[in-house]
Amino acid sequence: MANSMVLVSLMALGLLMAFSTTTQVEAAARAFFVFGDSLVDNGNNNYLATTARADSPPYGIDTPTRRPTGRFSNGKNIPDFISDALGSEPTLPYLSPELRGEKLLVGANFASAGVGILNDTGIQFINIIRMFRQLQYFQEYQTRLAELVGNDEAQRIVSDGLVLITVGGNDFVNNYFLIPFSARSRQFLLPDYVTYLISEYKKILMRLHDLGARRVLVTGTGPLGCVPAERAMRSPNGECAPELQQAASLFNPQLVQMINELNSEYGANIFIAANTQLQTSDFITNPGAYGFTTSKIACCGQGPYNGIGLCTAFSNLCSNRDEYVFWDPFHPSERANGIIVNNIVSGSTNYVSPMNLSTLLALNSDTRT
């Protein structure tokens, strides 16, 4: 009798442990994978010999530790706010030695500041993780994940997970318009260059699909000519630089069209397009409506509009980061990032199409193809 009771107790304990393990995995099942450039880099470049780094103060001044994290922000960036919406901890950089064991279940951030759609974008930064390499790392990650949980579970985690990809702005700022007569600007007229970028971007998105991604959030470029750096360098009166604004106005609609075509080809809404140009343009045209005092001047920088050079310990630094749309000459402040993500999560189709993130994540696994 005693042995029977022990056996029953052990069986019950085993079931309880199995149930608890399943519950924990389910609670953390929505893995999150991030690809792209400095807008979404959580610190990969800290592990690289590159000048495209955010590893010195005052970056990270509004984090709990008040220390730089490798994010190009005073605090949280866009992936962090999406992780909050998922109810998950932030993804670790793929190059972080801490990304091992159960941390792999959370996902991974493969993004690298300075990269573009094209391999020759950001060559001045020397050692960065170009998009083809980010995709290779994603494949490598899946091998590591399969060693932890098995092939079938690894495939489920990836297909049920959320992917964010943010890339394209550097192909204009740090390639086509970098110098008066860049190699790409001699090769292409701007409309033809945009068409070429879109065709190359499509290959990246198709590769993501090949690697198992089934819920992919794709952000367009912001109003490139309105960031403080471009106002300082290209506009004598501080207005938005027209040539970069034209680039964004050509790129973003074609990106949405390409995404719609891909979804049609796959027969499912695999990709959703976030109109970050419209979102950031709202801040720029009417910053007061969002509680900002300025969209022209960066919080951290020097020169006109604090738009020259990098944000360093010797830069001008605003006292209230929440009043600034831009943290440094190129990147939104933490508060601006939060508003952008709020629109992605629950905004109308003006901001994200064909559906917002909440609707996308509510879809069941029947979307797998």
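What's counted below: heavy atoms across the whole structure, side chains too, no hydrogens, waters or symmetry copies.
- Between Phe172 and Phe251, the angle of the ring planes goes over 60°, which puts this pair in the perpendicular group of the 30/60° scheme.
- Of all non-hydrogen atoms in Arg335 and Phe292, the two that sit nearest each other are NH1-CE2, 3.2 Å.
- The CG atom of Leu162 lies 9.5 Å from the CZ atom of Phe33; values are rounded to the nearest 0.5 Å.
- Side-chain contact between Val216 and Ile272 is absent, with no heavy-atom pair separated by less than 4.5 Å.
- Using modelled atom types, one finds a donor on one side chain and an acceptor on the other under 3.5 Å when comparing Asn77 with Asn42.
- Around the CG atom of Leu310, the shell of radius 6.0 Å holds no more than 12 heavy atoms that belong to other residues, nucleotides or ligands.
- Ring geometry, Tyr59 versus Trp327: the interplanar angle exceeds 60°, so the pair is classed perpendicular (tilted spans 30 to 60°).
- A side-chain N or O of Thr221 and one of Asn252 form a donor-acceptor pair less than 3.5 Å apart.
- Across all their heavy atoms, Thr63 and Thr69 have their closest contact at CG2-CG2, 4.2 Å.
- Panel note: side chain Arg100, backbone Pro97; a donor-acceptor pair is recorded below 3.5 Å.
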Exercise for review: Show the numbers, then the answer: is there a side chain to side chain donor-acceptor pair (under 3.5 Å) between Glu334 and Asn337?
Suggested key: CA-CA 5 Å; Glu334 177 185 69; Asn337 283 329; over 6 Å; no
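- When the options Asn45, Asn44, Asp41 are evaluated for a side chain to side chain donor-acceptor pair (under 3.5 Å) with Ser112, the one that passes is Asn45.
- Ring geometry for Phe110 versus Tyr141: interplanar angle over 60°, hence perpendicular rather than tilted (30 to 60°).
- Exactly one of Asn174, Asn175, Asp37, Asn170 qualifies for a side chain to side chain donor-acceptor pair (under 3.5 Å) with Thr121. That residue is Asn175.
- Side chains of Thr280 and Asp282: no donor on one and acceptor on the other come within 3.5 Å.
- Looking only at atom types and distance, the side chain of Glu261 has a donor-acceptor partner in the side chain of Gln257 under 3.5 Å away.
- Remark: the backbone N or O of Ser346 is not paired with any side-chain donor or acceptor of Ser358 at under 3.5 angstrom.
- Using a 30° and 60° split on the angle between ring planes, Phe188 and Tyr193 fall in the tilted class, from 30° to 60°.
- Between the side chains of Ser83 and Asp80, no donor-acceptor pair is found at a separation under 3.5 Å.
- One finds no salt bridge joining Arg234 and Glu239 here, because no Lys/Arg side-chain nitrogen approaches an Asp/Glu carboxylate oxygen to under 4.0 Å.
- Tyr137 carries Arg133 over the face of its six-membered ring, with the cationic atom under 6.0 Å from the centre and within 45° of the normal.
- Of all heavy-atom pairs between Leu86 and Leu361, the closest is CD2-CD1, 3.4 Å.
- His331 and Ser73 are not linked by any side-chain donor-acceptor pair at a separation below 3.5 angstrom, with hydrogens and angles left out of the test.
- Of the two cysteines examined, Cys300 and Cys318, the SG atoms fail the criterion of being under 2.5 Å apart.
- Once rounded to the nearest 0.5 Å, the distance linking CD1 of Ile117 with CD1 of Ile198 reads 6.0 Å.
- What you find for Leu205 and Ile165 is that their closest heavy atoms are CD2-CG2, 4.0 Å.
- The distance from the OG atom of Ser235 to the CD atom of Glu243 is 9.0 Å, given to the nearest 0.5 Å.
- A pairwise comparison of heavy atoms in Gln245 and Leu224 identifies OE1-N, 3.3 Å as the closest pair.
- Between the side chain of Ser315 and the backbone N or O of Leu317, no donor-acceptor pair lies under 3.5 Å.
- Between the Arg321 side chain and the Ser333 main chain, no donor and acceptor come within less than 3.5 Å of each other.
- Scanning all heavy atoms of the two residues, the minimum distance from Leu135 to Arg207 falls at CD1-CG, 3.7 Å.
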